[in-house]
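Predicted model only: the values in this text are computed from it and were never measured. Any value given below was found using the heavy atoms of this structure, including those in side chains, with hydrogens, waters and symmetry copies removed.
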Amino acid sequence: MYERILLPTDAAEGTELAIDHAVAVADHAGADLHLLYVVDSDVYGSYSGDEYVHEFEGLEAALEQVGEEALESAAEAAEEADVETTTVVRHGDPHKQILAYADEADVDLLVMGSKERSGEYRQLLGSVTDRVARLASRPVTIVKTPVEGEE
């Protein structure tokens with residue numbers, strides 16, 4: 001049923017459940033797992049960089065490094081289950097890049113993590129997962145992670 005599964009990750013805490021789910025589905029289906037991290041151009045594009053000090057060259061490079069480490073961690077989990085992976089770092093608007101990559105790679109399923117937050121919080125901020133789920137022309141599985149201290 002699935003040959004290619006896409007797991008976009010944002011390197012945030014709580015993505016382990018989504019990674020575990022994507023790896024399990026890929027393993028069960030014998031599918032390849034595509035791992036994608038999008039460096040949000042709005043984050044580094046709006047930053048002047050005047051006070052920013054980091055071991056890498058600027059905020060964009062630091063964000064890219066964080067993404068590569070997150071992809072490496074997810075790829076290791078897939079490797080333990082003998083699931084073939086492709087890792088990709090892109091730059092731009094996260095939900096647009098995720099949807100574009102899904103089309104380019106012709107994935108059969110997107111697996112996305114989402115933190116369980118209160119309704120007011122969700123309405124205020126929205127999320128990449130919500131946008132992808134609304135706009136995708138392919139199946140999207142959303143794996144929720146509870147956030148401690150929120151009701």
Participant: Restricting to pairs with a member in residues 20-34, which pass salt bridge (charged side-chain N to carboxylate O under 4.0 Å, His left out), not counting sequence neighbours?
Facilitator: none
Participant: Please find the pair of heavy atoms, one from Glu64 and one from Val39, that lie closest to each other, and give the distance.
Facilitator: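 Scanning both residues, the minimum pair turns out to be CA-CG2, 3.8 Å.
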Participant: Can you tell me how far apart CD (Glu84) and NE2 (His34) are? Round to the nearest 0.5 Å.
Facilitator: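 Reported to 0.5 Å precision, the distance equals 10.5 Å.
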Participant: What pairs with Leu135 under side chain to side chain contact (heavy atoms under 4.5 Å, CB included), at least two apart in sequence or on another chain?
Facilitator: His95, Leu99
Participant: Taking salt bridge (charged side-chain N to carboxylate O under 4.0 Å, His left out) as the definition, give me every residue that meets it alongside Asp106, ordered by chain and number, with sequence neighbours left out.
Facilitator: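 If we apply the salt bridge (charged side-chain N to carboxylate O under 4.0 Å, His left out) test to Asp106, skipping adjacent residues, the hits are Arg4, Arg138.
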Participant: Applying salt bridge (charged side-chain N to carboxylate O under 4.0 Å, His left out), which residue pairs with at least one partner in residues 88-101 are found, sequence neighbours left out?
Facilitator: Arg90-Glu104
Participant: Please report the interatomic distance CD(Glu72) to OH(Tyr37), rounded to the nearest 0.5 Å.
Facilitator: 14.5 Å
Participant: Who pairs with Thr87 by side chain to side chain contact (heavy atoms under 4.5 Å, CB included), at least two apart in sequence or on another chain?
Facilitator: Leu35, Leu71, Ala75
Participant: Applying side chain to side chain contact (heavy atoms under 4.5 Å, CB included), can you list everything that pairs with Ala78, at least two apart in sequence or on another chain?
Facilitator: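 Ala78: side chain to side chain contact (heavy atoms under 4.5 Å, CB included) contacts with Val23, Leu33, Val83, Thr85.
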Participant: Kindly compute the distance separating CE (Met112) from CG (Asp130), expressed to the nearest 0.5 Å.
Facilitator: 9.0 Å
Participant: Say you draw a straight line from CG of Leu17 to OG of Ser114; how long is it, rounded to the nearest 0.5 Å?
Facilitator: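 Output value for this atom pair is 11.5 Å.
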Participant: Can you name the nearest heavy-atom pair linking Val38 to Gly92, along with the distance?
Facilitator: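 That closest heavy-atom pairing would be CG1-O, 3.6 Å.
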Participant: Quick check against the 3.5 Å criterion: does Thr15 have a side-chain atom that pairs as donor or acceptor with the backbone of Gly113?
Facilitator: no
Participant: Distance check, rounded to the nearest 0.5 Å: Thr129 atom OG1 versus Arg131 atom CZ?
Facilitator: 9.5 Å
Participant: Consider only side-chain N and O atoms of His91 and Gln97, and report whether a donor and an acceptor are under 3.5 Å apart.
Facilitator: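 Gln97 and His91 do not have a side-chain donor-acceptor pair below 3.5 Å.
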Participant: Rounded to the nearest 0.5 Å, what separation is found between the CG atom of Asp103 and the CD1 atom of Ile98?
Facilitator: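 It comes to 12.5 Å.
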Participant: Among Thr86, Leu36, Val140, find the residue that satisfies the side chain to side chain contact (heavy atoms under 4.5 Å, CB included) test when tested with Leu6.
Facilitator: Leu36
